[in-house]
Amino acid sequence: MLSPDTFREKYPPDELEAELPESPIGSLRDLQYLYGKLYTLATTGGGEYAPYLTPDAAGDLVDTDSSLIVVRVDVSGDDPRLADDKLGSVQVTRYTGDLIQQVGHCKYPAARGIDHSVTHQAGRNSDPEKLARYAKERLTKWATDDVVTEAAGEHPEGWIIERLAELSENEAALDTIADTLARKLGGESTTALLTVQVKTEPDGEYQWPGDIDVFREAMRQRKLSKLVTKNKADDSSGDATDLVTGSPARTVGTSEDPQNYFLGKQLEKFPGLNIEEAWRSHPISEDAAITVMNADTFVEACTYRTFGAKVYYLPYVFGRLAPEKVYRLYELLYRTVEDEETTPIEDAYREERRKTLQEQDFRFYVSAVMPHQMSRYDVFGETLNGRLHYPKQLAITHNEFVQTVSAFNRDHYTDWTAPLPTNQNWGLLETNDGQLHTVSTGWYFRQTFAERDDDDADADDPRIEALISVLSGEAVAVDVLLEEYVNRIIDEQTDDSEHEGFPSFLVASQFAQLCVLADDDLKLLQTTDPSKNQITQQPEYDRDTMPSLDEITIADGGHPAAPKLESFISETPALSPANDDDPDSVTSQRRGAFLLGALVGDIGSYQEYSEDRSTTLVDQYPVKSITRSRIKKVTQETVAKTLTYTRQEKKQQGNYPGTKADHIVDRLRDTILNPEPEEWEIETDDLRFYYALGVTYGMNDHPWNRDETDANDSISEEEH
């Protein structure tokens, strides 16, 4: 394949423009056609038969020993015969780059059956007996094929193929081919192309198939015949308007598709499809169908697998196909083919970030395809409007969020922890250079959604839907996120083999993801439920360094954790009292669940660190146990336990300034009791997630550094 510089040199703007479609890309078929055009120009060049060749099929054989086996036939006399010159009837040689065009290989993309061209590709390390059979079949099978003989009968040079077929009836000649090949291979197996050379004039040279027009035409006809008979159709063809070029043409109905998307078996794509009439549902001309098939190399390069599905991220030129834009597209496709380590999204970002904003005008076809049955697939979220901006900006925004906002950053506090924990081993809680890779591969959601077996992936996998939504710039439903988050939390809490305490880092990661998706510029979070509107609103956490502890206005008369709780709640729209007046709001109910979780986490942490208890309130009230009907009882029992510890510490330490964790308890009492939880309208997943967030908050709510603080007698336990 030509390098980008060579491609630009070989096809100057005026020549390239003449090869391109006149219309802008408006469909997947248009995009595949453009890819096929570029691939053909970059490999086999222009010309009538160039799109039919498959130079990459045997690309790994180029310049390898014993990679080309040639049966040499002289048809210049009255009777066809094998060559008897110094090279002999069979030549075993190297398949070199300059022979690619001359052998004119056109592979039949199936495990069984001869290739379309007289040149045939043998299987890897075929033994001499099998190679001998393939060599003889150049005469006995290809030259006598119905389509080939029909093409020969209509071509002025058809007699050449007829002579090959005539020689195929000569048993002595066939034995000579087998014996000569066995002797030259010396018993060794090899991987090779097998072809013929033909001498048509007594004083002429032996010519390759690519030099003889009837061989190329027979190859073309044989390949075209498969476009109308595939999937057991007898003749799926007819006269119609080509959907790619818009011109009247003989159209075919069962052409191959680089994405297996328009095959006749795709009944869900074409309900009620009659395979014989497929050309009416999806009319594409013969030449356009062949060109589309050649898109495969570029399509595959822009594809990757995740969650058991195949994700397509195909760049294309938006608007008119101006040569300069097409050069850039070709360069991007070429780099993507060369680089197998990264996703096409990362390749596109690497190429495009050097461009100005005005130059970053590519669009992307985005979809995911999951095998449903043999040769049948489910297609997710197909769109032509994908933009690199969406995954790139999500990665950047996530890094900035966890690095700067007060919710995750202890730099905003002097002697107290940040509201939520961070951990360098959790990719969503720390900035990292691989965040774009995380987003593009779907790992971004794999870390937070309920776990599934990719080998048993189903068509409704919400991880795939979320990934495709993000790549397409479409919003993810809040309901889906909350359900997946809560299921993952419950799984983590109930899996005894992996249970290592409450999954606070997981919950913090989920919350960070939720906040970033709600970013005002990204707008990747949506709901149709008015009670969840506040979750889709972007939090406005402080991004500057907080004043020192001495400068903080103490809201409740002295506890340093009180202003942190106050600011976190007020700056989180899903919890903020500022949204209580909204008639559809369940903010106060969500806040009640959060505060209960915060108290459970706080007291549970106290039990673990100060009481050295192995089972705490966090274990006693797992997320799955929290419901609207039970939350009041859990609250009463948790507050009672808090009062017990308060009295206990008063006895041990004398004067005690109020109730333990009173900055939580006072607000919790008011929120849980008005209205009664049994009258709440908040949905269970919503309730449980914010309870889990509260537990995470409470477990992380302590002086910094606790170990040193615990050892310091000057800081009393009641501060905790």
Side-chain angles (χ1 to χ4, degrees), residues 1 43-45 49 53-76 80-108 114-143 160-161 163-164 167-168 170 173-201 203-216 218-219:
M1 188 183 302
T43 52
T44 57
Y49 297 106
L53 304 181
T54 54
D56 281 351
D60 58 343
L61 299 184
V62 175
D63 290 329
T64 61
D65 291 336
S66 302
S67 54
L68 183 62
I69 296 171
V70 187
V71 177
R72 306 175 73 239
V73 180
D74 183 352
V75 298
S76 62
R81 58 190 178 88
L82 296 175
D84 57 1
D85 60 7
K86 64 180 180 182
L87 293 179
S89 58
V90 177
Q91 183 183 10
V92 179
T93 184
R94 292 169 69 91
Y95 178 50
T96 56
D98 60 337
L99 290 177
I100 292 176
Q101 294 283 353
Q102 291 179 294
V103 302
H105 183 217
C106 178
K107 185 172 178 56
Y108 178 63
I114 60 174
D115 289 337
H116 300 303
S117 55
V118 68
T119 302
H120 177 71
Q121 185 173 0
R124 185 162 297 280
N125 288 324
S126 296
D127 57 48
E129 291 76 15
K130 186 174 291 184
L131 291 170
R133 176 164 59 85
Y134 291 152
K136 291 186 290 184
E137 285 179 352
R138 303 307 88 215
L139 310 180
T140 62
K141 198 168 184 178
W142 188 85
I160 300 175
I161 293 178
R163 289 297 179 88
L164 294 185
L167 185 61
S168 71
N170 186 332
L174 298 179
D175 291 342
T176 299
I177 292 173
D179 295 341
T180 305
L181 180 57
R183 176 171 51 80
K184 291 196 173 184
L185 289 175
E188 297 293 328
S189 299
T190 189
T191 308
L193 286 175
L194 299 103
T195 190
V196 298
Q197 269 191 307
V198 181
K199 179 180 175 182
T200 59
E201 299 293 337
D203 298 327
E205 300 290 332
Y206 281 86
Q207 300 177 71
W208 295 98
D211 298 326
I212 302 175
D213 192 70
V214 70
F215 279 86
R216 298 190 295 174
M219 171 270 292

For a quick test of reading the model, state the closest non-hydrogen atom pair linking T191 to N125 and the distance between them.
OG1-N, 2.8 Å

Does any pair with a residue in residues 86-104 pass salt bridge (Lys or Arg N to Asp or Glu O under 4.0 Å), and if so which ones, sequence neighbours excluded?
D65-R94

Who pairs with A132 by side-chain contact (heavy atoms from CB on, under 4.5 Å), at least two apart in sequence or on another chain?
A178, L181

Taking only residues at least two apart or on different chains, which pairs with a member in residues 122-131 satisfy salt bridge (Lys or Arg N to Asp or Glu O under 4.0 Å)?
D60-R124

Using a distance-only test with no angle check, is there a side-chain donor-acceptor pair under 3.5 angstrom linking T195 and T119?
yes

If the condition is side-chain hydrogen bond (donor to acceptor under 3.5 Å, both in side chains), which residues does Q207 pass it with, not counting sequence neighbours?
T200

Test side-chain contact (heavy atoms from CB on, under 4.5 Å) applied to L82 and T180, step by step:
CA-CA 11 Å; L82 296 175; T180 305; over 6 Å; no

Under the salt bridge (Lys or Arg N to Asp or Glu O under 4.0 Å) test, which residues partner R138, sequence neighbours left out?
none

A122 meets the side-chain contact (heavy atoms from CB on, under 4.5 Å) criterion, sequence neighbours left out, with S126, L131, Y134, L194

Please step through side-chain contact (heavy atoms from CB on, under 4.5 Å) for the pair W142 and V196, ending with a clear verdict.
CA-CA 11 Å; W142 188 85; V196 298; over 6 Å; no

Quick one: OG1 on T140 to CG on N170, what's the gap to the nearest 0.5 Å?
12.5 Å

Contacts of type salt bridge (Lys or Arg N to Asp or Glu O under 4.0 Å), residue D115, not counting sequence neighbours:
none

Could you pull out all residues at least two apart from R163 that satisfy side-chain hydrogen bond (donor to acceptor under 3.5 Å, both in side chains)?
none

Please walk me through it: do Y95 and T64 pass side-chain contact (heavy atoms from CB on, under 4.5 Å)?
CA-CA 7 Å; Y95 178 50; T64 61; 5.8 Å; no

Closest heavy-atom pair, P128 versus S189, reported as atoms and distance to 0.1 Å, is CD-OG, 4.2 Å

Think R72 forms a cation-pi with Y206, using NZ or CZ under 6.0 Å from the six-ring centre and within 45 degrees of its axis?
yes

Considering all heavy atoms of both residues, which atom of A173 and which atom of L167 are nearest to each other, and what is their separation?
CB-CD1, 3.9 Å

If I take atom CG from residue D84 and atom OG1 from residue T176, how far apart are they, to the nearest 0.5 angstrom?
11.5 Å

Name all pairs fulfilling the salt bridge (Lys or Arg N to Asp or Glu O under 4.0 Å) condition that reach into residues 178-197, sequence neighbours left out, sorted by first residue then second.
none

With heavy-atom distances below 4.5 Å as the criterion, would you say the side chains of L87 and V70 are in contact?
no

Under the rule for side-chain hydrogen bond (donor to acceptor under 3.5 Å, both in side chains), what residues qualify as partners of T54, not counting sequence neighbours?
none

Mark yes or no for whether S67, through its side chain, and A192, through its backbone, hold a donor-acceptor pair below 3.5 Å.
no

Could you tell me whether the side chain of T190 and the main chain of S66 form a donor-acceptor pair under 3.5 Å?
yes

Looking at S117 and C106, would you say the former's side chain and the latter's main chain have a donor-acceptor pair under 3.5 Å?
yes

Tell me if a side-chain donor or acceptor on Q121 pairs with a main-chain N or O of K107 at a distance below 3.5 Å.
no

Go through the structure and list residues passing side-chain contact (heavy atoms from CB on, under 4.5 Å) with A143, not counting sequence neighbours.
I161, L164, A165

Output the distance between atom CD (E137) and atom CG (L174), rounded to the nearest 0.5 Å.
11.0 Å

side-chain contact (heavy atoms from CB on, under 4.5 Å) involving T44 - partner list, sequence neighbours excluded
T40, A50, L53, P55, Q101

Y108 vs H116 aromatic rings, parallel, tilted or perpendicular, using cut-offs 30° and 60°?
perpendicular

Distance in Å, Q91 CD paired with Q197 CD, rounded so as to fall on 0.5 Å steps:
6.5 Å

